[in-house]
Protein chains: 2
Amino acid sequence: MSSEQPHLGALESLVGYRLRRAWSAFSADFAAAMEGTGLRQVPLAVLSIIAANPGINQGATGRALGIKRANMVALINELVEKQWIERATDANDRRALTLTLTTAGEAVMAEALQRIEGHENRMLSDMQPEERSLLLDLLSRIERRSPSAEAEDLGNG
Amino acid sequence: MSSEQPHLGALESLVGYRLRRAWSAFSADFAAAMEGTGLRQVPLAVLSIIAANPGINQGATGRALGIKRANMVALINELVEKQWIERATDANDRRALTLTLTTAGEAVMAEALQRIEGHENRMLSDMQPEERSLLLDLLSRIERRSPSAEAEDLGNG
DNA sequence: TATTGTTATACTCTATAACTATA
DNA sequence: TATAGTTATAGAGTATAACAATA
């Protein structure tokens, strides 16, 4: 019965479909690689932004990652509760919260990055270094085509 | 203030991060492109599998796409209700359901594929044809690294 | 009047477990 | 005993709207 490895039809050559499957495979392996750290994809991305931009505020962090303001709250609460970041009111704008990594936050980032290195090497093990950096470049070029995330409070003109 | 385009830190060179962002951009544009058709990503993929394998059964369809049995039910119900597919009990195995596109299903597929062509051209408009097919190839090679989906009923050995 | 962060809430997607009917 | 499909349900993740405090 040929139906057990069925044809993909139109999906076969769609970049969107391949992107979805690749993303799904990456996600699953990422989650497995992070087991025991208490980190998930989005919180790790948030930590990475804060680590690279100490004192950045909550809104700018979310905007950098396409995360809506409303969804940042629980995310930041979680990281504060785990004592991986510190949150303080910005002296120059008392509405805003500035974020910085704690020492524990730096440690968990270091541990995560080590695991992620293994994870990416595993997922990309059949690629030459040049293929890998080409993939990175091609993917980066797609991002710019997205309609900027937070159109939230704007009229839908 | 340099914080308005903050550094990405470790994310910068992670394929997983770029994959996520590219995927997210693709998803948003896909949804916009499908507006009015009533089609979403997964239902379209299901239609594509059925179109390419007339009479395939529900389980095999799901397995081809990494969709769990339990989640196939509502998905197939939706496509049947929209009269895009027909569902019949398999004469050779009365537990199984065989699926085929209706004429309306073929029409909606044709319409969707036309829109998707525009969508993919838009998302990949800054790529040369060779870059585009290279991207497709690199993405396809990632999929194989995924731990096969349905480990559902098996012991976790 | 606009912006930062907050709360409450809803919707989609995916996951698990327990069931039935057939094999 | 195993497999195809089903039901019910829970958990992420992400979306919208309305609000308070500050600018």
Side-chain angles (χ1 to χ4, degrees), chain A residues 1 3-4 20-21 23-25 27-28 30-32 34 38-46 56-63 65-80 87-99 146-147 149-156, chain B residues 1 3-4 20-21 23-25 27-28 30-32 34 38-46 55-63 65-78 80 87-99 146-147 149-156:
Chain A
M1 302 296 123
S3 273
E4 212 40 49
R20 179 188 174 85
R21 298 306 297 260
W23 163 242
S24 163
S27 287
F30 182 93
M34 288 301 129
L39 266 176
R40 303 180 314 282
Q41 287 174 19
V42 175
L44 171 91
V46 169
I56 192 175
N57 74 36
Q58 190 169 310
T61 305
R63 247 170 274 129
L65 295 168
I67 303 169
K68 297 248 181 286
R69 282 203 320 270
N71 295 328
M72 282 297 288
V73 180
L75 229 31
I76 294 300
N77 284 342
E78 180 187 344
L79 295 175
V80 169
R87 175 169 48 186
T89 38
D90 185 337
N92 300 326
D93 181 348
R94 299 194 16 261
R95 296 170 302 181
L97 297 173
T98 65
L99 308 172
S146 89
E150 186 127 340
E152 235 191 317
D153 293 342
L154 290 67
N156 57 344
Chain B
M1 298 298 120
S3 273
E4 213 39 51
R20 180 189 174 84
R21 297 307 297 260
W23 163 241
S24 162
S27 288
F30 182 93
M34 288 301 130
L39 266 175
R40 301 180 315 282
Q41 287 174 19
V42 176
L44 171 92
V46 169
I56 191 173
N57 73 34
Q58 189 168 312
T61 305
R63 247 171 272 128
L65 295 169
I67 303 170
K68 297 248 182 285
R69 281 201 324 265
N71 295 328
M72 282 298 288
V73 181
L75 229 30
I76 294 300
N77 284 342
E78 179 187 344
V80 169
R87 175 170 46 186
T89 39
D90 185 337
N92 299 327
D93 181 348
R94 299 194 16 264
R95 296 169 301 180
L97 298 174
T98 65
L99 308 172
S146 91
E150 187 126 339
E152 236 189 316
D153 292 343
L154 290 65
N156 56 344

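Sequence lines set the chain letters: A, B, ... in the order given, protein chains first and strands last, and positions in each chain run from 1.
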A.B. asks: Testing the basics here: between A:Met34 and A:Leu39, what is the closest heavy-atom pair and its distance to 0.1 Å?
C.D. replies: CB-O, 3.5 Å

A.B. asks: Could you report the tightest heavy-atom contact between B:Glu78 and B:Gly38, atom names first, then the distance?
C.D. replies: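 Nearest heavy atoms, B:Glu78 then B:Gly38: OE2-O, 4.3 Å.
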
A.B. asks: Round to a whole Å and report the spacing from CG of B:Leu99 to C1' of D:dA4.
C.D. replies: 12 Å

A.B. asks: Checking contacts here: which listed nucleotide (C:dT16, C:dT7, D:dT6) is nearest the side-chain heavy atoms of B:Lys68?
C.D. replies: C:dT16

A.B. asks: Would you state whether a donor and an acceptor, one from the side chain of A:Asn71 and one from the base of D:dA15, lie under 3.5 Å apart?
C.D. replies: yes

A.B. asks: Please report the distance, rounded to the nearest Å, between CG in B:Leu75 and P in C:dC13.
C.D. replies: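 Distance check: B:Leu75 CG to C:dC13 P gives 9 Å.
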
A.B. asks: Taking the side chain of B:Arg40 as heavy atoms from C-beta outward, which of D:dT22, C:dC13, D:dA12 is closest to it?
C.D. replies: C:dC13

A.B. asks: Without decimals, in angstroms, what is the distance between A:Ile76 CD1 and C:dT6 P?
C.D. replies: 9 Å

A.B. asks: To the nearest Å, how far apart are B:Asn92 CG and C:dT22 P?
C.D. replies: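 Checked: the CG to P distance equals 16 Å.
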
A.B. asks: Once you apply a heavy-atom cut-off of 4.0 Å, does A:Asp93 come out as touching a base, just sugar-phosphate, or nothing?
C.D. replies: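 Sugar-phosphate contact only.
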
A.B. asks: Rounded to whole Å, please give me the gap between CG in B:Asn57 and C1' in D:dT6.
C.D. replies: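 Going from CG in B:Asn57 over to C1' in D:dT6 covers 15 Å.
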
A.B. asks: To the side chain of A:Arg20, which of C:dT14, D:dT6, C:dT6 is closest?
C.D. replies: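 Nucleotide nearest to A:Arg20's side chain: C:dT14.
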
A.B. asks: For B:Arg94, give me all partners under side chain to side chain donor-acceptor pair (under 3.5 Å), at least two apart in sequence or on another chain.
C.D. replies: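 Scan of B:Arg94 (side chain to side chain donor-acceptor pair (under 3.5 Å), adjacent residues dropped) gives none.
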
A.B. asks: Taking all non-hydrogen atoms of both residues into account, name the closest pair between B:Arg40 and B:Leu75 and its distance.
C.D. replies: NH2-CD1, 4.3 Å

A.B. asks: Using a 4.0 Å heavy-atom cut-off across all strands, classify A:Leu97 as base, sugar-phosphate, or nothing.
C.D. replies: sugar-phosphate

A.B. asks: May I have the distance from A:Arg69 (atom CZ) to C:dG5 (atom P), rounded to whole angstrom?
C.D. replies: 9 Å

A.B. asks: With no angle test and no hydrogens, is the base of C:dT3 tied to the side chain of A:Arg95 by a donor-acceptor pair under 3.5 Å?
C.D. replies: yes

A.B. asks: Are any of B:Arg94's side-chain N or O atoms less than 4.0 Å away from OP1 or OP2 of C:dT20?
C.D. replies: no

A.B. asks: Output the rounded distance in Å from CD (B:Glu78) to C1' (C:dT12).
C.D. replies: 12 Å

A.B. asks: A:Ala96 has a side chain; which of D:dT22, C:dG5, D:dT6 sits nearest to it?
C.D. replies: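 Nearest to the side chain of A:Ala96 among the choices is C:dG5.
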
A.B. asks: Applying side chain to side chain donor-acceptor pair (under 3.5 Å), name anything that partners A:Thr98, two or more places apart in sequence or on another chain.
C.D. replies: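 A:Thr98: no side chain to side chain donor-acceptor pair (under 3.5 Å) contacts found.
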
A.B. asks: Specify the separation, in whole Å, of atom CE of A:Met72 and atom P of C:dT6.
C.D. replies: 10 Å

A.B. asks: Please tell me if A:Gln41 has a side-chain N or O lying less than 4.0 Å from either OP1 or OP2 of D:dA12.
C.D. replies: no

